[in-house]
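Worksheet for the structure shown next.
Excluded from the calculations below are hydrogen atoms, water molecules and symmetry mates; all remaining heavy atoms, backbone and side chain alike, are included.
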Amino acid sequence: MARQITRARLWFYTLFPLGCFLVFAYPVGRLANWYAPGAVNYGQTLLLWLLATAMLWYSFSSPKMLIRYVMVHWMGVSFVLFTLTVVYEAVRLVAPVRDSVAVPWILGVAALLVALSVVASHFLIVKHLAFDSDKITRPHRIVQISDVHIGSRRGGYLERIVGRINRLQPDTVVITGDLIDSSSVGHDDLKHLRELRARTLFTIGNHERYADLDKALDMLDRLGVEALRQRRVMVGAGEIQVIGIDDADAHHQVADHLPGIDRYQGRYTVLLYHRPQGWETALEHGVDLMLCGHTHNGQIFPFNWVVKHQFRRIRGLYSEGDSHLYVSPGTGTWGPLMRLGSLNEITCIDLRPR
């Protein structure tokens, strides 16, 4: 385990500065020199890289949300510019294009995509799913939200989510992690959770672990949200058992904990786990429905291509026989208020007697 953590940190400390260079410094240097050759030299590019890296690092360790807000949106805009710059690099290899003419077009397309992605980040859609089972005798509606990221998002956005959930009239609400992503989130930011009209269950995500987990759990408990940490509860008049397992970086987290959790044989089983990992173990142990999140479906295209290298099941429904895995694309956004090629989702799941 220690070796795995050390390896993960090594990858992070390698990829973080490299990512900062590619996203923040590379597009500026290339676009400036295409428009006016010699406008930016290597020293200036290096300085921009170091400044952006230091500011982004500070923004995530500082309690000052304004600094973080500015940096993550700079990061989002820069990622769109990076993508378009790479595309143009390929175009100019095969087509006789004047760089100075292309740059204004690149900036214009980037501005349009950024505007569309900001608008998309404020939409909430409802995805409906239905599963039939011999294990239940009465209908039961579960509504899943995941990756709301209060901290990146404001408490008013959570109020909108709660209103949409209540209109769906669920029997049970489940939150599959990353409800918050900052230790600065307080009780007032989450107060609208108390307005939910159904029993609400929660399992922690990676961002609760990065923030103040004890504080988050205490706030949720006072707001009537039950945290499932390696345990099972019964819903649906005792016909449905819901199991929650804490998020962990280890790929075998579900395999380590699911076998040891007390559960009834023959009952419809729902497993909540933040990451789309461990479904093979869930199948072996008779889980009927596994609900996950974490991936955001990449959030900003084409970042989903990168996410797919880490998580084979990145979004949507996967089935084997009567067992199902559903990976939510997330109900909120981490970092910039931007979604490109994905939307915020509330998932409404109807369990019905066969």
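- If you chain together hydrophobic residues whose side chains sit under 4.5 Å apart, Leu107 and Leu84 fall into the same group.
- Under the 4.5 Å side-chain heavy-atom criterion for Ile, Leu, Val, Met, Phe, Trp and Tyr, Tyr58 and Tyr69 are members of distinct hydrophobic clusters.
- Side-chain rings of Trp74 and Phe24 approach one another, their centers coming within less than 6.0 Å.
- Atom CD1 of residue Ile346 and atom CZ of residue Arg160 lie 8.5 Å apart, to the nearest 0.5 angstrom.
- Listed for the Ser152 side chain is a donor-acceptor partner under 3.5 Å among the backbone atoms of Gly335.
- No side-chain donor-acceptor contact under 3.5 Å links Asp147 to the backbone of His296.
- Under a 3.5 Å cut-off, the side chain of Thr53 and the backbone N or O of Cys20 do not form any donor-acceptor pair.
- Distance check, rounded to the nearest 0.5 Å: CD of Gln253 to CD of Gln277 gives 10.0 Å.
- A donor-acceptor pair under 3.5 Å is formed between the side chain of Arg263 and the backbone N or O of Leu258.
- In this structure, the side chain of Thr203 engages the main chain of Ile245 through a donor-acceptor pair within 3.5 Å.
- Under a 3.5 Å cut-off, the side chain of Gln241 and the backbone N or O of Arg232 do not form any donor-acceptor pair.
- Under the 3.5 Å distance criterion, the side-chain polar atoms of Asp350 are left unmatched by any main-chain donor or acceptor of Arg141.
- Salt bridge annotation for Asp249-Arg275: present, with a cationic side-chain nitrogen under 4.0 angstrom from a carboxylate oxygen.
- Side-chain N or O atoms of His73 include one that pairs as donor or acceptor with a backbone N or O of Leu337 at under 3.5 Å.
- Remark: side-chain polar atoms of Asp171 are not paired, donor with acceptor, to backbone N or O of Ala198 under 3.5 angstrom.
- The nearest pair of heavy atoms linking Phe123 to Tyr157 is O-OH, 4.4 Å.
- The hydrophobic cluster containing Ile136 also contains Leu129, counting ILVMFWY residues as joined when their side-chain heavy atoms lie under 4.5 angstrom apart, directly or transitively.
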Between Asp181 and Arg68, does the salt bridge (charged side-chain N to carboxylate O under 4.0 Å, His left out) criterion hold? Intermediate values first, please.
CA-CA 12 Å; Asp181 66 10; Arg68 179 181 173 186; 3.4 Å; yes
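- The neighbour count for Phe301 CZ, taken as heavy atoms of other residues, nucleotides or ligands under 6.0 Å away, is above 12.
- Taking the charged nitrogens against the carboxylate oxygens, Asp322 and Arg354 do have a contact shorter than 4.0 Å, which makes a salt bridge.
- One N or O on the side chain of Glu208 and one on the backbone of Ile180 form a donor-acceptor pair closer than 3.5 Å.
- A distance of 11.0 Å separates CG in Leu223 from NZ in Lys191, rounded to the nearest 0.5 Å.
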